Each structure stands twice: as structure tokens, then as C-alpha cells.
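No experiment lies behind these values; they were computed from the predicted model shown.
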Amino acid sequence: MRRYAHKALFLAGAAALLTMGATSQALASWQASNDGQGFISAQACVGASNRCVRLQCLAMQGGGVYWYIDAPEPGYSAESTAVTWTIDNHRFAPLEMTKAGPAEGGVQSYETVFDQAKHQALVEALKAGNRLTVSGDQFAPITVSLRGSGNALTQALADCPRTNMAQKVKNTAPVQTTSINEPMDAVKVLMASQDCKATEEEIFGAITGAGFGIWDANQFIAMGAENGVLQLVDKTGGVHSYRLGGGCS
């Protein structure tokens with residue numbers, strides 16, 4: 001199967017990354033790595049353990065970009081699990097993750113394809129947050145610090161030839177024609193770039209991406225939905241989309 005082939009590629013080329021994850025340097029922060037042979041990643045581990053979270057780019061032919069979680073083998077063989085990503089106090093919609101192959105050395109890896117458009121808010125929250133917890137029914141919750149995540153994720157996405165995150169940021173930067181002094185300014189810039197409509201996660205990402213805290217983003221969304229600043233226009237599949245009550249301008 002495709003994911004088993006990718007698991008074999010990863011194990012062959014990423015042993016050095018796992019060794020690095022066991023060093024004292026990795027205890028405190030995320031690390032970016034590029035071995036020059038197609039294995040590019042940003043990752044953090046729980047101390048010197050086998051519990052890790054990473055964004056992995058396999059740049060060789062047949063590769064791709066994936067979120068990975070390494071966890072102790074649970075002892076049973078469910079092929080997939082819905083994994084919730086909680087950054088500080090903000091819980092993102094679960095990602096369906098499947099086994100990346102057989103367990104190796106008592107470690108089971110789970111993967112899901114990285115989608116730049118759908119996961120932009122998650123990436124921005126990871127960069128801006130303090131603590132990440134991933135949890136699913138196949139493994140005990142894993143909590144890692146987000147120290148260094150901004151630099152590590154930015155570097156990995158810039159190095160990976162399969163992503164265009166840096167170019168997208170460059171292309172959208174001119175939209176910011178006014179200074180951003182409060183969360184509303186960031187939301188207006190976002191809305192103006194996409195027909196005055198955005199999902200809750202896009203709004204959250206725009207606010208935190210502009211340098212405001214996760215608490216600010218959560219408060220803006222909660223209060224805005226209550227007082228009419230944000231007007232709900234769709235909630236298909238549990239994804240809430242809003243327009244600004246006063247317009248985008």
C-alpha cells in the first residue's frame with residue numbers, strides 16, 4: 001500500500017532525525033531538518049522518548065507531505081484514528097490519521113496528508129502557540145512544547161519543493177493595505193481577500209498569524225458570534241463560516 005511504502009522510505013532516511021530528537025536540544029524546542037536527499041521535516045518529541053509530532057516532506061519521486069505522530073504501539077491493530085489537535089485552549093477539528101505501516105521497535109506511526117489550504121490555520125496556530133496536545137483512541141495524549149515551532153515549520157515548508165507556503169504568503173502580503181492594530185483589522189484583511197467569507201479556523205489563523213494571542217482569537221470569535229460582528233452563513237459538516245456584520249471595508 002502507498003502509506004507502507006512511504007513508511008519504509010521514512011524509516012530509511014529519518015533515523016538520524018530520531019536520534020537528534022533524543023538529544024537535550026530537542027527536549028525544549030522544535031527542530032527543522034533537511035538531509036539534502038529528500039527528507040525534510042519539522043518535529044518535536046517528548047524528551048528522549050518515542051512520542052513525536054512532525055510535519056514530514058518526502059521530496060523524492062512518489063513522496064508527499066504528511067503530518068506524522070509517533071506513539072508507543074498500543075497492542076491492537078485499528079488502522080485509523082481520529083486525532084484531535086489542541087493548541088493551548090483551542091481545539092481543532094480532528095484529523096483522520098491512518099497507520100503509516102507496521103510498528104517498528106514498539107513505535108507506531110500515524111499519518112495524514114498535509115493540505116496547505118485546509119491546514120493553514122493549524123500551521124499558524126502551531127507557530128503562535130505555547131503547547132500542543134494530540135490525542136486519539138489509539139494512544140495516550142502526547143503534549144509537546146511549541147517553542148521554536150515557528151522557525152522550524154517555516155523552514156521546512158520553505159525547503160519542501162512540494163509546498164508553496166512561502167510563495168502564498170508573499171503573494172497575499174500586499175492585501176494588507178492598512179496597519180493591523182487589533183484582531184478586527186486582521187479579520188478584515190482576510191475577508192477582503194476571499195469574498196467577505198471565512199471559516200472559524202481561517203479567522204483564528206488570521207488573528208494569531210498577525211501576532212495576536214490565542215486568547216485574543218478565541219475571544220474575538222466567541223464574542224463576535226454572540227454580538228453579530230460575525231454572522232453565521234454556513235455550518236455544513238460542522239465547519240462554521242461567517243461574514244462580517246458591518247461588511248469587509
Side-chain angles (χ1 to χ4, degrees), residues 53 55 65-67 69 81-97 112-137 141-144 146 149-150 153-154 157 163-165 168-169 171-173 175-176 178 180-249:
V53 180
L55 179 66
V65 188
Y66 306 89
W67 294 110
I69 293 173
T81 180
V83 179
T84 299
W85 297 55
T86 303
I87 299 172
D88 297 334
N89 293 320
H90 182 81
R91 179 177 296 178
F92 284 80
L95 297 181
E96 190 69 22
M97 303 188 74
T112 193
V113 174
F114 172 68
D115 186 312
Q116 282 187 234
K118 292 182 179 179
H119 299 163
Q120 181 179 359
L122 175 59
V123 169
E124 294 304 322
L126 287 169
K127 291 180 180 181
N130 296 307
R131 186 180 297 270
L132 165 69
T133 297
V134 291
S135 57
D137 60 7
I142 299 172
T143 298
V144 296
L146 289 175
S149 57
L153 287 165
T154 297
L157 289 167
T163 66
N164 62 344
M165 187 69 76
K168 287 176 70 175
V169 171
N171 289 342
T172 58
V175 174
Q176 296 186 9
T178 59
I180 294 180
N181 299 312
E182 56 185 56
M184 174 63 88
D185 297 329
V187 176
K188 284 184 176 180
V189 169
L190 169 69
M191 293 285 192
S193 70
Q194 48 190 52
D195 195 29
C196 201
K197 180 180 177 181
T199 66
E200 181 176 280
E201 290 193 3
E202 288 172 334
I203 294 170
F204 181 89
I207 294 173
T208 56
F212 298 98
I214 289 177
W215 186 89
D216 296 310
N218 283 330
Q219 283 293 104
F220 181 90
I221 294 170
M223 296 299 295
E226 182 178 336
N227 62 25
V229 169
L230 294 176
Q231 296 184 346
L232 182 66
V233 294
D234 188 20
K235 56 178 180 180
T236 304
V239 177
H240 289 67
S241 297
Y242 296 93
R243 294 189 187 277
L244 283 176
C248 295
S249 58

Which pairs with one or both residues in residues 218-247 pass disulfide bond (SG atoms under 2.5 Å apart), sequence neighbours excluded? none
For residues 218-247, which residue pairs qualify under disulfide bond (SG atoms under 2.5 Å apart), counting only residues two or more places apart or in two chains? none
Is it the case that the side chain of Arg131 and the backbone of Thr86 share a donor-acceptor pair, with hydrogens and angles ignored and the cut-off at 3.5 Å?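 Checked: no pair found.
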Please list, chain by chain and in numerical order, all residues satisfying side chain to side chain donor-acceptor pair (under 3.5 Å) with [X], sequence neighbours excluded.
X      : result
Thr154 : Lys127
Asp115 : none
Trp85  : none
Asp137 : Thr81

For [X], give me all partners under side-chain contact (heavy atoms from CB on, under 4.5 Å), at least two apart in sequence or on another chain.
X      : value
Ala82  : Pro94, Glu96
Ser135 : Thr84, Pro141
Ala186 : Ile180, Ala210

Do Gln116 and Val65 pass the side-chain contact (heavy atoms from CB on, under 4.5 Å) test, and can you show the C-alpha distance, the side-chain angles, and the key distance before you say yes or no? CA-CA 10 Å; Gln116 282 187 234; Val65 188; over 6 Å; no
Compare every heavy atom of [Y] with every heavy atom of [X], then report the nearest pair and how far apart it is.
X      : Y      : value
Leu146 : Leu126 : CD1-O, 3.6 Å
Val123 : Leu153 : O-CD1, 4.3 Å
Lys197 : Met191 : N-SD, 3.5 Å
Ala125 : Phe92  : CB-CZ, 3.5 Å
Glu202 : Leu190 : O-CD2, 3.4 Å

Can Val83 and Trp67 be said to form a side-chain contact (heavy atoms from CB on, under 4.5 Å), step by step? CA-CA 11 Å; Val83 179; Trp67 294 110; over 6 Å; no
Could you measure the distance from the CD atom of Glu182 to the NZ atom of Lys188? Nearest 0.5 Å is fine. 8.0 Å
What donor-acceptor contacts under 3.5 angstrom involve side-chain atoms of residues 223-234, with partners at least two apart or in another chain?
unit_1: Asn227; atom_1: OD1; unit_2: Val229; atom_2: N; d: 3.0
unit_1: Asn227; atom_1: ND2; unit_2: Met223; atom_2: O; d: 3.2
unit_1: Asp234; atom_1: OD1; unit_2: Thr236; atom_2: N; d: 3.2
unit_1: Asp234; atom_1: OD1; unit_2: Thr236; atom_2: OG1; d: 2.7
unit_1: Asp234; atom_1: OD2; unit_2: Thr236; atom_2: OG1; d: 3.3

Yes or no on side-chain contact (heavy atoms from CB on, under 4.5 Å) for Leu157 and Leu55, after CA distance, side-chain angles and deciding distance? CA-CA 9 Å; Leu157 289 167; Leu55 179 66; 3.7 Å; yes
Table please: side-chain donor-acceptor pairs of residues 211-222 below 3.5 Å, with sequence neighbours left out.
unit_1: Asp216; atom_1: OD2; unit_2: Gly213; atom_2: N; d: 3.0
unit_1: Asn218; atom_1: OD1; unit_2: His90; atom_2: ND1; d: 3.1
unit_1: Asn218; atom_1: ND2; unit_2: Ile214; atom_2: O; d: 3.4

With side-chain contact (heavy atoms from CB on, under 4.5 Å) as the criterion, how do Leu122 and Ile87 come out once you've worked through the C-alpha distance, each side chain's angles and the decisive distance to 0.1 Å? CA-CA 9 Å; Leu122 175 59; Ile87 299 172; 3.8 Å; yes
